[in-house]
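Report on one structure; see the data block that follows.
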Amino acid sequence: MNLLFESWIPTRRISGTRQWIAPWQLTEGIDSDPIIALDYARPDLSGSMAQFLIGLLQTITPDLADEDDWWDHYESPPSPQALREWLAPWALAFELDGDGPRFMQDFDAGIATGEPESISGLLMDAPGGNTLKLNTDHFIKRDGLRQLSPELAAAALFSLQLNAPSGGQGHRTSLRGGGPLTTLVQIDPRQPDASLWRSLWLNVLDWSRFSGRFDCEQPQQPCADIFPWLAATRTSNLKAGGVSTTLEDVHPLQMYWGMPRRIRLDFAHTTNGDCDLGGPGGDALLCGYHTKNFGINYDGPWQHPLSPHYFDKQGTPMPLHASPAGLQYRHWLGLVQSGPKSSAARVVSRFFGERRDFSGQFSLWAFGYDMDNMKARGWHEARLPLYPLPDPTALQSFENNVAMLVEAAVEVRGYLQSAVKQAWFKRPGDAKGDTGAIDLAFWRASEADFYAALDSLHAALTSGAESVEAREALRKRWYDDLRGCAKAQFDHWATRGDASADNLQRIALARRTLLGKLNGKPLRKKLDISTKTTQPQGGEHATA
């Protein structure tokens with residue numbers, strides 16, 4: 001099964017039709033009924049396969065020397081026949097089975113010995129060996145997935161190599177660590193020219209932008225420096241002569257094709273029936289795979305183009321990961337703006353740094369696993385609106401104002417959390433427990449107002465109507481929105497506890513303290529708004 005020419009990727013067209021395609025069919029029917037989305041049953045597979053297709057286009061697209069070449073393909077997508085011709089020289093690297101090199105699988109067929117692992121182990125949230133041994137698989141049950149079609153097994157295999165967490169001695173993590181956060185620029189599917197092709201292409205870099213940081217040439221054919229499964233694995237058992245793998249050891253494009261795990265799918269023992277993840281049924285479903293430790297150990301600062309990074313104390317870029325709190329609008333600026341402590345994904349920076357006008361509506365698709373060592377605690381994803389501004393001065397003004405809005409919201413969130421704890425507990429400073437639900441509710445309740453403020457600011461900057469007075473008026477509206485949200489959230493949460501007389505008195509005192517902070521000078525100072533023209537909202541005073 002060759003993954004470049006056989007139909008193995010589920011997609012959805014704008015008409016609602018579901019179709020399994022090969023990569024060369026991405027632009028098929030683009031003018032009449034374009035493909036607009038991947039259509040996997042699991043969102044993590046959709047995220048991983050978007051990265052597969054972006055990596056594929058980044059690797060194989062010919063004549064992508066500069067920005068003009070990039071724009072040509074964005075405005076006039078290649079035909080299916082042209083895509084097929086682009087892909088033909090790379091076929092060797094994308095065979096899923098057979099006697100030769102296998103896609104994302106160890107070159108050494110000799111590792112396929114002993115009893116195979118269950119095919120469910122390819123999924124990030126499958127219960128691990130220790131979980132099964134201790135009988136603690138309460139939420140994700142064992143044996144929930146027994147067989148996969150080759151199509152879905154290929155997607156799950158790629159997803160595991162892309163996101164691999166630590167897995168015990170010598171079972172290496174992915175090039176970006178376990179479950180990295182990925183941020184992709186997407187075109188709104190409601191746009192007249194929307195298509196999956198354009199959403200993918202927005203995350204492909206012209207070669208001058210890609211190679212400028214890595215000092216490398218665009219390849220013309222597959223090689224082991226890009227696709228590590230084409231040669232013996234660079235094993236990492238230092239006691240047996242193994243090595244770490246850095247950016248200097250291989251081609252930078254291996255960032256898209258990292259293979260930390262030594263795996264061989266078991267095609268010798270298949271079964272028939274239905275695929276447990278919605279893939280095609282048949283008589284060649286996969287039930288297991290073989291694995292061996294000490295695969296490729298990626299080391300050093302790779303700075304993957306699809307991930308945002310922070311800088312450690314030595315200034316080394318480290319990929320960001322999702323947290324239990326998920327993704328809210330408070331993360332928006334940190335995911336799109338680069339600064340001294342962090343950098344947006346290169347594809348996002350390119351979108352904002354482009355001097356030509358991206359017309360239409362765009363969003364940031366942010367996703368990743370929240371990992372606790374080798375355990376997946378949750379999958380998080382969000383679609384956050386993007387606001388392209390070709391003028392650098394306008395973009396800087398936009399980011400500065402957004403930063404003020406977010407900082408004020410963080411301040412108010414702190415006021416709210418403190419007030420609710422004061423209402424709930426006699427000694428709030430000693431209170432234990434997780435109050436994350438209060439935080440999450442606040443971010444969700446204020447989200448629509450935040451993006452409405454961003455829409456207004458962007459429209460003003462785009463039309464040239466932005467002024468000092470308009471900026472202050474926008475911040476005042478946000479000030480009122482935050483205070484209204486905080487009071488409503490307090491009233492909701494404060495009465496969730498005991499209704500005794502003591503408790504009611506604490507609620508009243510806590511609310512008065514909250515109002516004092518909401519109407520105080522520090523919050524107005526954060527938003528740089530006049531203390532003379534802003535009155536307490538709704539006639540309420542701190543002493544109410």
Problem - S208/D66 under side-chain hydrogen bond (donor to acceptor under 3.5 Å, both in side chains): CA gap, chis, key distance, verdict - result: CA-CA 5 Å; S208 64; D66 55 30; over 6 Å; no
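- Looking at T61, its side chain does come within 3.5 Å of a backbone N or O of L57 through a donor-acceptor pair.
- Pairs engaging residues 228-244 under the salt bridge (charged side-chain N to carboxylate O under 4.0 Å, His left out) rule: R234-D249 [sequence neighbours left out].
- No donor-acceptor pair closer than 3.5 Å links the side chain of Q254 to the backbone N or O of F227.
- Using a distance-only test at 3.5 Å, with no hydrogens or angles considered, a donor-acceptor pair links the side chain of H304 to the main chain of M255.
- For S343 and S338, the side-chain atoms include no donor-acceptor pair closer than 3.5 Å.
- Distance check: D391 CG to F398 CZ gives 13.5 Å after rounding to the nearest 0.5 Å.
- Summarising the local packing, CG of D188 is surrounded by more than 12 heavy atoms from other residues, nucleotides or ligands at distances under 6.0 Å.
- A donor-acceptor contact shorter than 3.5 Å is absent between the side chain of D370 and the backbone of R377.
- The closest donor-acceptor contact from the side chain of D372 to the backbone of K375 lies at 3.5 Å or more, if one exists at all.
- In terms of modelled atom types and a separation under 3.5 Å, the side chain of T59 and the main chain of G55 share a donor-acceptor contact.
- From L277, atom CG reaches atom CD of E151 across 12.0 Å, with rounding to the nearest 0.5 Å.
- Here the side chains of N163 and T173 are not in contact, with every heavy-atom distance at 4.5 Å or above.
- W365 and E381 form a side-chain donor-acceptor contact under 3.5 Å, judged by distance and modelled atom types alone.
- Between the side chains of E248 and T246, at least one donor-acceptor pair of N or O atoms lies under 3.5 Å.
- For the pair F367 and R383, the minimum side-chain heavy-atom distance is 4.5 Å or more.
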Handout entry: Derivation of the side chain to side chain contact (heavy atoms under 4.5 Å, CB included) call for F267 and R102
Key = CA-CA 12 Å; F267 286 94; R102 295 182 178 185; 3.6 Å; yes
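- Looking only at side-chain heavy atoms (C-beta outward), P23 and W86 stay at 4.5 Å or farther from each other.
- Distance alone, capped at 3.5 Å, places no donor-acceptor pair between the Y298 side chain and the R172 backbone.
- Side chains of L386 and V185 form a contact here, defined as non-hydrogen atoms less than 4.5 Å apart.
- The distance from the OG1 atom of T245 to the CG atom of L175 is 9.5 Å, given to the nearest 0.5 Å.
- A heavy-atom distance below 4.5 Å is not found between the side chains of P388 and F352.
- Taking both residues in full, the closest heavy atoms of P77 and T27 are given as CB-CG2, 4.0 Å, listed atom of the first, atom of the second, then distance.
- Salt bridge status for R13 with E28: present, with a side-chain N to carboxylate O gap under 4.0 Å.
- Between Y74 and W71, a ring centre-to-centre spacing shorter than 6.0 Å is recorded.
- No hydrogens or angles considered: nothing links the side chains of S118 and R146 as a donor-acceptor pair under 3.5 Å.
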Problem - Residues I263, H290; criterion side chain to side chain contact (heavy atoms under 4.5 Å, CB included); working and verdict - result: CA-CA 6 Å; I263 289 174; H290 297 272; over 6 Å; no
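- The side-chain hydrogen bond (donor to acceptor under 3.5 Å, both in side chains) contacts involving residues 192-202 comprise nothing, where partners must be two or more places apart or lie in separate chains.
- Between the D97 side chain and the M1 main chain, a donor and an acceptor come within less than 3.5 Å of each other.
- For the pair Q105 (side chain) and L265 (backbone), a donor-acceptor distance under 3.5 Å is present.
- Here the CD1 atom belonging to I187 is positioned 11.5 Å from the CG atom belonging to L196, to the nearest 0.5 angstrom.
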Handout entry: Test log, rule side chain to side chain contact (heavy atoms under 4.5 Å, CB included), inputs L285 and T270
Key = CA-CA 5 Å; L285 302 183; T270 57; 5.8 Å; no
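- Across all non-hydrogen atoms, the minimal contact from Q191 to G360 is NE2-CA, 3.1 Å.
- Ring pair Y369/H321: centre-to-centre distance not below 6.0 Å.
- For the residue pair R176 / S307, a side-chain donor-acceptor distance below 3.5 Å is found, with atom types taken as modelled.
- Residues L122 and I119 are in side-chain contact: their nearest non-hydrogen atoms beyond the backbone lie under 4.5 Å apart.
- Counted by atom type alone, S15 and D33 present one or more donor-acceptor pairs between their side chains at under 3.5 Å.
- At a cut-off of 3.5 Å, with distance as the only test, a side-chain donor of N2 or E95 sits close to an acceptor on the other residue.
- Counting heavy atoms from C-beta outward, L205 and R346 have side chains that approach closer than 4.5 Å.
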Problem - Residues F210, W207; criterion ring pair (Phe, Tyr, Trp, His ring centres under 6.0 Å); working and verdict - result: CA-CA 5 Å; F210 182 87; W207 201 252; 4.9 Å; yes
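- Within 6.0 Å of CZ in R18 there are more than 12 heavy atoms belonging to other residues, nucleotides or ligands.
- Side-chain contact annotation: T235 with N237, donor-acceptor N/O pair under 3.5 Å absent.
- Of the possible polar contacts, none joining the Q314 side chain to the F311 backbone as a donor-acceptor pair under 3.5 Å is found.
- Taking the charged nitrogens against the carboxylate oxygens, D106 and R264 have no contact shorter than 4.0 Å, which rules out a salt bridge.
- Counting heavy-atom neighbours within 6.0 Å of D274 CG, excluding the residue itself, gives a total of 12 or less.
- For S7 against Q25, the heavy-atom pair with the smallest separation is OG-OE1, 3.5 Å.
- Among I21, D39, L26, the single residue meeting the side-chain contact (heavy atoms from CB on, under 4.5 Å) criterion with T11 is I21.
- Legend: ring pair (Phe, Tyr, Trp, His ring centres under 6.0 Å) pairs involving residues 32-62, not counting sequence neighbours, sorted by first then second residue: W8-F52, F52-F103, F52-F158, F52-W257.
- Taking the side chain as every heavy atom from C-beta outward, Q218 and S211 never approach each other to under 4.5 Å.
- Other residues, nucleotides and ligands place no more than 12 heavy atoms under 6.0 Å from the CG atom of D283.
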